[in-house]
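This is a predicted model, so every value here is computed, not measured. Atoms within each ligand, like the ligands themselves, are counted from 1 in listed order.
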Amino acid sequence: MNNEKIYDTALVGGGLAGLCLSIQLAKQGHKVILFEKETYPFHKVCGEYISMESWDFLCSLGLPLLAMNLPMIRNLEVSSPAGKLFRQPLPLGGFGISRFLLDNALKNIALEAGVEIKEGTKVEDVVFNEDHFELQVKQQMIIARTCAGTFGKRSNLDVKWKRSFLQRNSSKLDNFIAVKYHIRLAFPLDTIALHNFEDGYCGLSKIEADRYCLCYLTNAANLKKSHNSIEEMEQQILAKNPFLKIVLNKANRLYDSPLTISQVSFQKKSQVDNHLLMLGDAAGLITPLCGNGMSMAMHSSKIAAGQLNTFLQGQISRQELEENYQLEWKKNFAGRLRTGRIIQSFFGKAWKTEIFISVMKLFPAIARQLIRQTHGKPF
Ligand SMILES: Cc1cc2nc3c(=O)[nH]c(=O)nc-3n(C[C@H](O)[C@H](O)[C@H](O)COP(=O)(O)OP(=O)(O)OC[C@H]3O[C@@H](n4cnc5c(N)ncnc54)[C@H](O)[C@@H]3O)c2cc1C
């Protein structure tokens, strides 16, 4: 094999996990190639609120966050489907930035660091062959010593490899749909709102410029009930919450039609599959109500970068690389995902959410503790 053509690491997916990992590895001197099926810049379904735990990490990669003049978000308000409101300052807080802006800025940093980026390029398969990976891309074979799955919530490779989370019997953790708009609206700059409705919740918070991100998650049954019309679902189901009724009727929507995704699953996933290290949503998606998936994706890239660097320098075996990564991943995120699933179980049915919010109003110390569980520590 011609060594010139062998990459140290190939990354499948150029979202936050892939871009952040590529930058760290390239800065450590490794030869990195990253594949992204879309073309930057592009919009993504996401609430676009990033917990402060990631601030220092993003700055360390070279993202000039302070100069970007982004909104700082310090307060949370949660409403029940019937309109009971609960407000609480956020202990750590966060900031708002669109994925359109963030992912593109990271892509430029990755290019400057020397990462080879192939955008508009879908990886069709990855095969582990003795000591290297063979990636099948546009009738071409790419060879790499290591490979990471940074392909997000659901990818062609999950289906191709029949990953176990797709094989489990369907449950309350499956089959969600998500809808996102960028809007203009009179709403506080420093507050993230989570408005609940029957079988779903909708986040609203400020991002850059004069925009807000409005993003909601619900089960596919709600859409079916609404004759597969998003507009009908918003008017018949979401707008029963009086706060959402105002938001949906007053917002000035900045796209012609919303961005949508379906078949979102919060089932447990494996952190190593086919010898690839899985990062971000490909390793496990936390419900947005209960945690900060973007920060977890970035944090997992830091863990993977450390382990991959040690392996590429010949200090540990492939088996140790895989075991160490899984152990560190579980130490950092398994508890958070577990709390997430418990909190999630209190939401959905309107009566459960009403009771939950009444209890939080009565016992703000419990609420503060729960909010702390959904935000990690700076890394
Ligand atoms: C409704 C909703 C709201 C959310 N709100 C928030 C929030 O406010 N704050 C927060 O912190 N988190 C939020 N999250 C979670 C957050 O969006 C994710 O955790 C985060 O984007 C994970 O990053 P990632 O890099 O793992 O995946 P992604 O950002 O999804 O990136 C994966 C990339 O891989 C590419 N890809 C897939 N398959 C292939 C292939 N075969 N070849 C090449 N490229 C491929 C995709 O095009 C994609 O760009 C939300 C999630 C949902 C569903």
Side-chain angles (χ1 to χ4, degrees), residues 10-22 33-54 73 94-99 102-104 106-107 117-126 135-138 142 147-161 176-180 192-194 200-205 207 213-218 258-266 269 276 278-301 304 333 337 340 374-376:
L11 302 175
V12 187
L16 289 180
L19 287 165
C20 292
L21 178 57
S22 76
I33 187 163
L34 176 146
F35 296 95
E36 169 52 53
K37 67 179 168 61
E38 308 293 335
T39 304
Y40 301 98
F42 59 98
H43 290 287
K44 218 166 232 184
V45 176
C46 180
E48 303 184 329
Y49 162 87
I50 306 191
S51 151
M52 279 311 279
E53 70 194 84
S54 299
I73 298 166
F95 56 101
I97 180 170
S98 70
R99 296 297 299 270
L102 176 62
D103 291 30
N104 195 51
L106 289 170
K107 172 211 140 177
I117 297 187
K118 301 280 183 202
E119 46 188 308
T121 310
K122 189 178 191 176
V123 175
E124 299 297 345
D125 200 4
V126 183
L135 286 82
Q136 199 181 311
V137 185
K138 287 190 177 162
I142 304 291
C147 185
T150 49
F151 42 70
K153 305 172 221 343
R154 196 182 186 93
S155 155
N156 57 320
L157 297 181
D158 291 319
V159 179
K160 179 143 206 150
W161 298 343
F176 286 87
I177 58 161
V179 179
K180 169 179 136 171
I192 176 165
L194 278 175
Y201 46 86
C202 177
L204 168 66
S205 56
I207 51 168
C213 176
L214 180 76
C215 184
Y216 61 85
L217 186 84
T218 185
L259 219 59
T260 57
I261 49 169
S262 60
Q263 295 186 306
V264 179
S265 162
F266 298 104
K269 296 182 182 173
L276 278 84
M278 296 292 169
L279 276 74
D281 288 355
L285 172 59
I286 189 153
T287 65
L289 176 75
C290 324
N292 301 285
M294 287 193 275
S295 289
M296 286 175 54
M298 291 186 256
H299 193 168
S300 66
S301 82
F333 307 123
L337 281 157
T374 66
H375 287 59

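When the ring-ring contact (aromatic ring centres under 6.0 Å, His included) test is applied to Tyr40, the partners found at least two apart in sequence or on another chain are Phe42. In terms of the ring-ring contact (aromatic ring centres under 6.0 Å, His included) criterion, residue partners of Phe95 (sequence neighbours excluded) are, by chain and number, Trp55.
Some N or O of Leu16 is nearer than 3.5 Å to an N or O of ligand 1, by distance alone. Of the polar atoms of Tyr49, at least one N or O is found under 3.5 Å from an N or O of ligand 1, judged by distance alone. For ligand 1, the polar-atom distance check against Ile261 finds no nitrogen or oxygen pair separated by under 3.5 Å. Note: no N/O pair closer than 3.5 Å links Tyr216 and ligand 1 by distance alone.
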Val179 vs Thr218, side chain to side chain contact (heavy atoms under 4.5 Å, CB included): CA-CA, chis, key distance, verdict = CA-CA 9 Å; Val179 179; Thr218 185; over 6 Å; no
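Under 4.0 Å is where a charged nitrogen must lie from a carboxylate oxygen, and between Lys44 and Glu38 no such pair does. Checked for salt-bridge contact, Arg154 and Asp158 miss the test: no charged N lies under 4.0 Å from a carboxylate O. By the 4.0 Å N-to-carboxylate-O rule, Lys107 lies close enough to Glu119 to be salt-bridged with it.
Of the protein's non-hydrogen atoms, the one nearest atom 44 (N) of ligand 1 is Lys37 N, 3.1 Å. Counting protein heavy atoms only, atom 28 (P) of ligand 1 is closest to Lys44 NZ, 3.6 Å. At the shortest separation from atom 17 (O) of ligand 1 among protein heavy atoms lies Cys46 SG, 3.3 Å. Nearest protein heavy-atom neighbour of atom 11 (O) of ligand 1: Met294 N, 2.9 Å. In this structure, atom 42 (N) of ligand 1 lies nearest to the protein heavy atom Val123 N, 3.0 Å.
Heavy atoms of Arg99 come nearer than 4.0 angstrom to ligand 1 in at least one pair.
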